[in-house]
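All ligand and atom numbering here is 1-based and tracks the order in the structure. Everything numeric here is computed off the predicted structure, so don't read it as measured data.
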Amino acid sequence: MRSDSIVQASEGVHLVHGSNTNWVILSEGDAVTLIDTGYPGDRALLLESLAALGHRPESVAAVLVTHAHVDHLGSVEFLSSGHAVPVYLHEAEVPHARREFLHQLSAGRAVANAWRPGVSRWLVHVLRAGALTDVRVSAPQPFPAAGPLDLPGRPVPVHTPGHTLGHCVYHLPDQGIVISGDALVSGHPTSRTRGPQLLPAMFDRDRATARESLRTIEKLAGDTLLPGHGPLHRGSVPAAAQLAHERAA
Ligand SMILES: [Zn+2]
Ligand SMILES: [Zn+2]
């Protein structure tokens, strides 16, 4: 694991750069909330990142999922069935995690977009990272209650549909941090833009709704953005969401 793969955002809050996707570790003493898990091929990195912060898989109190795409879901079932870790996500994303349906860029559509900048290289990478692996989750659960979750870091789920139907960002209001998954990113191998932006439109289930959800993120107070792709972004979260909204016009 590269030394710059783990970035401390705040006390007990770390953003980890996997091979192409980020995950977030919220630590409280020995206990951890893990938000997303990277690709299936990122498992060793995931376990290394936990170990680097002094945690074992058994320390994970729960896995929260922003959305059920393969690059975020890669080790969820491993933790759930292998280590009895509960898995929570938005109720609209639960059947997606079970793979009752799949709303994800298909291999055929990805190949059809291979002429776009960065897409063919990205495709080679994601195939190596296990993009075609079956990552269905056997026991995903909706959030047990509204508001802050009773887990390390006290994250607050906020529904931000569009990229997928049940996509959620996680707000840490006391720390001014928004963990934004794929609802608002700061970079991607298939984008030439740097800084706050939506992913390229081919990745979104419903682009108009994804753009509208930026208005929801605009209402979240914070000065640090931990996106699902791209580097940690320091600066007003509402302003970042507004910039992404303009750029997606
Ligand atoms: Zn996604
Ligand atoms: Zn993603």
Side-chain angles (χ1 to χ4, degrees), residues 5 15-24 34-43 45-46 63-76 87 89-90 92-99 101-107 109-110 113 116 118-119 121-137 140 157-170 178-191 193 196-214 216-217 225-233 244 248:
S5 295
L15 178 74
V16 185
H17 297 295
S19 64
N20 183 38
T21 309
N22 304 327
W23 56 87
V24 174
L34 179 63
I35 303 180
D36 289 344
T37 63
Y39 276 101
D42 287 341
R43 181 154 315 151
L45 280 174
L46 178 73
V63 186
L64 304 179
V65 181
T66 58
H67 67 296
H69 280 162
V70 62
D71 55 322
H72 301 255
L73 212 58
S75 287
V76 170
V87 178
L89 66 180
H90 190 273
E93 203 67 8
V94 166
H96 198 195
R98 288 187 192 278
R99 289 297 184 256
F101 56 83
L102 180 59
H103 289 168
Q104 185 169 287
L105 178 67
S106 68
R109 189 139 177 260
N113 278 278
R116 292 177 188 274
V119 172
R121 269 182 72 184
W122 169 80
L123 255 176
V124 169
H125 168 76
V126 302
L127 291 172
R128 279 201 195 121
L132 299 179
T133 310
D134 183 353
V135 291
R136 76 188 59 214
V137 181
V158 180
H159 189 205
T160 48
H163 181 67
T164 62
L165 301 176
H167 188 290
C168 274
V169 305
Y170 295 92
V178 174
I179 297 151
S180 57
D182 286 5
L184 172 57
V185 303
S186 62
H188 192 270
T190 63
S191 167
T193 307
Q197 60 189 291
L198 290 180
L199 282 169
M202 63 178 173
F203 293 108
D204 286 335
R205 177 68 183 171
D206 178 344
R207 183 66 164 187
T209 306
R211 188 161 180 255
E212 202 48 44
S213 281
L214 291 169
T216 303
I217 299 174
L225 189 71
L226 309 188
H229 300 274
L232 179 150
H233 175 80

Can you tell me, to 10 degrees, how wide the angle at the Zn ion (ligand 1) is between ND1 on His69 and NE2 on His67? 90°
Test of geometry: compute the angle OD2(Asp182)-the Zn ion (ligand 1)-NE2(His163) and round it to 10°. 90°
Greater than 12 external heavy atoms within 6.0 Å of Arg128's CZ: no
Which word best sums up how the rings of His188 and Trp122 line up, parallel for under 30°, tilted for 30 to 60°, or perpendicular for over 60°? tilted
Report yes or no: do Ser19 and His125 form a side-chain donor-acceptor pair below 3.5 Å? yes
Row for the Zn ion (ligand 2): angle NE2 (His229) to OD2 (Asp71), 10° precision, value 90°
For the residue pair His67 and His72, categorise the inter-ring angle as parallel (less than 30°), tilted (30 to 60°) or perpendicular (more than 60°). tilted
